[in-house]
There are 2 protein chains.
Amino acid sequence: MTILHSASEVLRCFSDERPELTLTDIVALRGAPKSSTSRLLNAMRDAGFLDVSKVGRKYRPAPLLTHLAHINKVDVSLLARADAAVRELVEETGHTGYVSALDHKDVIALAGHEGRHILRVATAVGRRLHASASATGRALLSRMEDRTIHSLYEKGMEVPSDKAPRSVAELIERLNLVRQKGYSEAYDETNHGVGALATVVVDPVKNLALSLCIAFPAATITQQDKDHIIARMIGVTAKLARHFNDQGQPITDTTRTRKSPTGEQQP
Amino acid sequence: MTILHSASEVLRCFSDERPELTLTDIVALRGAPKSSTSRLLNAMRDAGFLDVSKVGRKYRPAPLLTHLAHINKVDVSLLARADAAVRELVEETGHTGYVSALDHKDVIALAGHEGRHILRVATAVGRRLHASASATGRALLSRMEDRTIHSLYEKGMEVPSDKAPRSVAELIERLNLVRQKGYSEAYDETNHGVGALATVVVDPVKNLALSLCIAFPAATITQQDKDHIIARMIGVTAKLARHFNDQGQPITDTTRTRKSPTGEQQP
DNA sequence: CCGTTTGTTCCATAAAATGGAACTGAAGTT
DNA sequence: AACTTCAGTTCCATTTTATGGAACAAACGG
């Protein structure tokens, strides 16, 4: 494994709940030896990935990463269009909307718009959720082949809530439902009292999959509201798909491209 | 040099103007051998730092980085307060305002608010500017010791505009002015027609320096407007400084902390 | 002042990065 | 089709860097 993997592992240790971490924290979270971790963190700081606080030697992500997040936004025209579509849906329904992308087994919100109802779901661009346990995550996963899903979760799957899928088999069952219906849904999975509906669109040229998601208070929504949201979401998503010539191809595996794969069988 | 330095060098190649890069682009920009760069880019993709487009093999920053940018925002309470202060100034003056931090020889905008005048400076959170050639950059640099400035620019200084400092000596001269007056200014340096005023505040605990900046169309501003903005900026900055117990200490060098330095002389 | 906690450095070993050259594959060109 | 270019990858011997256990150093808390 290259040191880059370790670095990315370290970066993934940070979250809203743990925005600052000490050497000891990271050792505990990753289980790697203290000496190696110490050197790694210092190297990451020297390279501009982390900043360190003076007292307590607490590490946090450096501004460089804000810069790169910005580039990501500037670049991707699918994101711009998906964002516009979500904004439209938010204005129409009053519920909060997101655009998200996959990062390994997680989804990360890239853009969001807050609804206007008094009781509404907050936006949190940059937030990370378990892909298997969210509407938006399952929408994205539904565009991967089953064997890719299997290899993604071969080291186990976290089950953050009662209603989340408990096993890969259960996940794939639910992904099949998503594939069939064209949208995905989740209630009370990652967030208590929150319901969500999500669709997915792929830019085959950039090899980028994005999910559109509308989130609402699960208790106050009627079946009629839901049906309306679903119809509109499927509509705008189909429009995006046409524009980017998304014809339902599965997302290409993120791992090595050319290297002859171990046990792959392609006609 | 560790591979992390190379990785961070690669990430710094991306900009608003070049949001996607191919292997060849990066080879041209960095001058490193093609074979090494090829392996490096693939490793960075495998680690989740980069995504690759299917056609043209173009690399772009991955969503992981959006996540980290978000953490950075959640965490830092100085940022939250500085952002609130800038918002106040923006509302009062109608001009665009930023909060920025240093990343090596660049400044990166971490938060921004757009003004309400018809002719106004656009916000661009995540944007990267040359520190030496911007008001906000020089405000931040003014809190470093001169020898740190020298070592920062020992490999040369880019001069993006006529009005920007041409040498380290000239830069330090202007930093002395900033230190004396308590604010920094720039006209027509990085952006044509744009003037900017900036102050700086340091959280000594987190070892974080942030700059507050107000940017305006240089042609339409009066001396009176400017004086008013400066007075208000210095006011809110002083308030922040008191809150964080910033007593004008120089920013600690970003490089190794404990390792006995080569030629350092401290009484 | 001494135990405790937290982070760094040492060092021999193991692993990974390097860069020149050869190779592959995909476009163009004649 | 054969030829040329160009972009990207892989090979391989060499150099460089990472690793982890243990010793060391510094800060903390009585």
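Chain identifiers are assigned alphabetically (A, B, ...) following the order of the sequence lines, protein sequences preceding nucleic acid strands; residue numbering begins at 1 within each chain. On a predicted model such as this, the values are computed, not experimentally measured, just so you know.
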Whole Å only: how far is the CG atom of A/Leu4 from the C1' atom of C/dA17?
11 Å
Just N and O in the side chain of A/Thr24: are any of them under 4.0 Å from OP1 or OP2 of C/dT6?
no
If you find the nucleotide of DNA chain C closest to B/Ser35 and the one closest to A/Asp25, which residue's nucleotide is nearer the 5' end?
A/Asp25
Take atom CZ of A/Arg30 and atom C1' of D/dT19, then tell me their distance rounded to the nearest Å.
12 Å
Between A/His5 and B/Asp46, the two heavy atoms sitting closest are NE2-O, 3.6 Å
Which sits closer to the 5' end of DNA chain D, A/Ser6 or A/Lys34, going by the nucleotide each is nearest to?
A/Ser6
Side chain of B/Ser38 (C-beta onward), nearest among D/dT10, D/dT19, C/dT6:
D/dT10
Nearest to the side chain of B/Leu23 - C/dA17, D/dT9, C/dG19?
D/dT9
Check every atom of D/dA18, C/dT8, D/dT9 against the side chain of A/Ile3 and return the nucleotide holding the closest atom.
D/dA18
Against the side chain of B/Pro33, the closest entry in D/dA7, D/dT19, C/dG19 is C/dG19
Take the protein atom CG of A/Leu41 and the nucleotide atom P of D/dG20, then report the distance between them rounded to whole Å.
14 Å
What about the rings of B/Phe49 and A/Phe49, do their centers lie closer together than 6.0 Å?
yes
A/Leu40 CG to C/dA16 C1', straight-line distance once rounded to whole Å
15 Å
Has A/Arg45 got a side-chain atom pairing as donor or acceptor with A/Leu50's backbone, closer than 3.5 angstrom?
no
Which of these nucleotides, D/dT19, D/dT10, C/dT6, is closest to any side-chain atom of B/Arg39?
D/dT10
Euclidean distance, atom NZ of residue A/Lys58 to atom P of C/dT6 [Å, nearest integer]
12 Å
Which of D/dA7, C/dG7, D/dT9 is nearest the side chain of A/Thr22? It is C/dG7
The side chain of B/Thr2 lies closest to which of these nucleotides: C/dG19, D/dT10, D/dA18?
D/dA18
Atom of A/Ala82, atom of A/Leu240 and distance for their closest heavy-atom approach
CA-CD1, 3.9 Å
Checking contacts here: which listed nucleotide (D/dG20, C/dG19, D/dT9) is nearest the side-chain heavy atoms of B/Ser36?
C/dG19
Whole angstrom value for the distance that separates P of C/dT8 from CE of A/Met44:
14 Å
If I take atom CG in residue A/Asn42 and atom P in nucleotide C/dC10, what distance separates them, rounded to the nearest angstrom?
13 Å
Considering all heavy atoms, the nearest A/Leu141-A/Ile149 contact
O-CD1, 3.5 Å
